[in-house]
2 protein chains.
Amino acid sequence: MKETLNANAQAVLEVVRSSHNHPTALEVYEAVRKVRPRIGVASVYRILHSLAQQGLIRELGRSDEACRYDGHIERHDHAICTACGALLDLPVEVRLSEEALRSAAQAAGIELHSHEVRLYGLCTACRQRLQQAESAEG
Amino acid sequence: MKETLNANAQAVLEVVRSSHNHPTALEVYEAVRKVRPRIGVASVYRILHSLAQQGLIRELGRSDEACRYDGHIERHDHAICTACGALLDLPVEVRLSEEALRSAAQAAGIELHSHEVRLYGLCTACRQRLQQAESAEG
DNA sequence: TAGTAGATTGATAATGATTATCATTATTAG
DNA sequence: CTAATAATGATAATCATTATCAATCTACTA
């Protein structure tokens, strides 16, 4: 894999770290261009994925593909597989206090309408798949 | 607006409600085609948005546009404006018990790596904007 | 130092999801 | 029945992202 960061990757990391909103890949591209004018979009995407994989930055939104629809409108929570992107309903509620929600919403300045807990991890299928791959190359 | 559901909308709603995974718009389209063969993609998208707006179904993922990146990798939570799609860091942690997380992850069958609380509502700007629009149309 | 295998890069084309356009069809009012 | 209006669907356009591939940059060797 890629262990050391070259100048392009450093610049991308710097941009993402120093921006206090959550920039899109294209926004990162525009910002990085100012300091590394020859970089291309493809490289920015490659580097962003690489940095996310190394845990140096985090990807938000886009659970990997298209928008998904849910027929169950009662509030409920989700589990998301970080490997295959599977989106599962949680059969149980992760309970959290009204008070904590209220104060968090106030701190962020939003009028709270609903909330959702997301659990990230590996689904059963991916866990097995990855374990096998690991032992095969190990 | 659209208060009553016509045959197409009924069919779309039925498909979304009866599917226990979380179908994408295209998957809904394919399923609806079987019962309403003349429907087009554009209508499916229109109907899905309309149903979501009426609160009959729910949209997941895709907070409206491109994937966003976050330079802060410490676990933290987010507030999302349902009107403009703004994605804000919560400055405070919404605390929830290890035990609740663990049992929820187990119930869903995933190996838990991380989690996130998402608060949905209106940001300050949109709150004001919508209030003004409301009072204007009376 | 020149030569070369292999990796990295970036320009560009391709893809996939979603949205806009617009002529056609259905619906309603008169 | 006819005109006005709204809804529909085929298709083109758009936007984010990914694949392709030739050009460039590294090591490393002779």
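Lettering of chains follows the sequences in order, A, B, ..., and the numbering in each one begins at 1.
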Contact list for residues 26-45 of chain A, test ring-ring contact (aromatic ring centres under 6.0 Å, His included), sequence neighbours left out: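 Every pair satisfying ring-ring contact (aromatic ring centres under 6.0 Å, His included) with a residue in residues 26-45 of chain A: there are none.
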
Does [X] make a side-chain N or O approach to OP1 or OP2 of [N] shorter than 4.0 Å?
{"X": "B:N6", "N": "D:dT8", "result": "yes"}
{"X": "B:H49", "N": "C:dT19", "result": "yes"}
{"X": "A:Y45", "N": "D:dT18", "result": "no"}

Which atoms of nucleotides 20-27 of chain D (N or O only) lie under 3.5 Å from a protein N or O atom, and what are those distances?
none

Have A:H76 and A:D70 got a donor and an acceptor in their side chains that come within less than 3.5 Å?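 Indeed, the side chains of A:H76 and A:D70 share at least one donor-acceptor pair under 3.5 Å.
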
Just checking, is any N or O donor in the side chain of B:Q54 or B:S50 under 3.5 Å from an acceptor N or O on the other one?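 Their side chains do contain a donor-acceptor pair, which is all the 3.5 Å distance test asks for.
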
Starting the side chain at C-beta, find the nucleotide from D:dT17, C:dG10, D:dG9 nearest to A:S43.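 Looking only at side-chain atoms, A:S43 lies closest to C:dG10.
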
Among B:E116, B:H113, B:R75, the one residue meeting side chain to side chain donor-acceptor pair (under 3.5 Å) with A:Y120: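 Checked B:E116, B:H113, B:R75 against A:Y120; only one passes side chain to side chain donor-acceptor pair (under 3.5 Å): B:E116.
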
Can you pull out how bent the helix from C:dT1-D:dA30 to C:dG30-D:dC1 is, comparing the axes over its first five and last five pairs, to 10°?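 One end's axis against the other's: 0°.
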
Using side-chain heavy atoms (C-beta onward) and a distance below 4.5 Å, is A:H49 in contact with A:E59?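 Yes - at least one pair of side-chain heavy atoms lies under 4.5 Å apart.
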
Spell out, as yes or no, whether a donor-acceptor pair under 3.5 Å connects the side chain of A:N6 to the backbone of A:N8.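 Pair found, side chain donor or acceptor close to backbone of A:N8.
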
Look at A:E14 together with A:R17 and state whether they make a salt bridge at an N to O cut-off of under 4.0 Å.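 No, A:E14 and A:R17 are not salt-bridged.
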
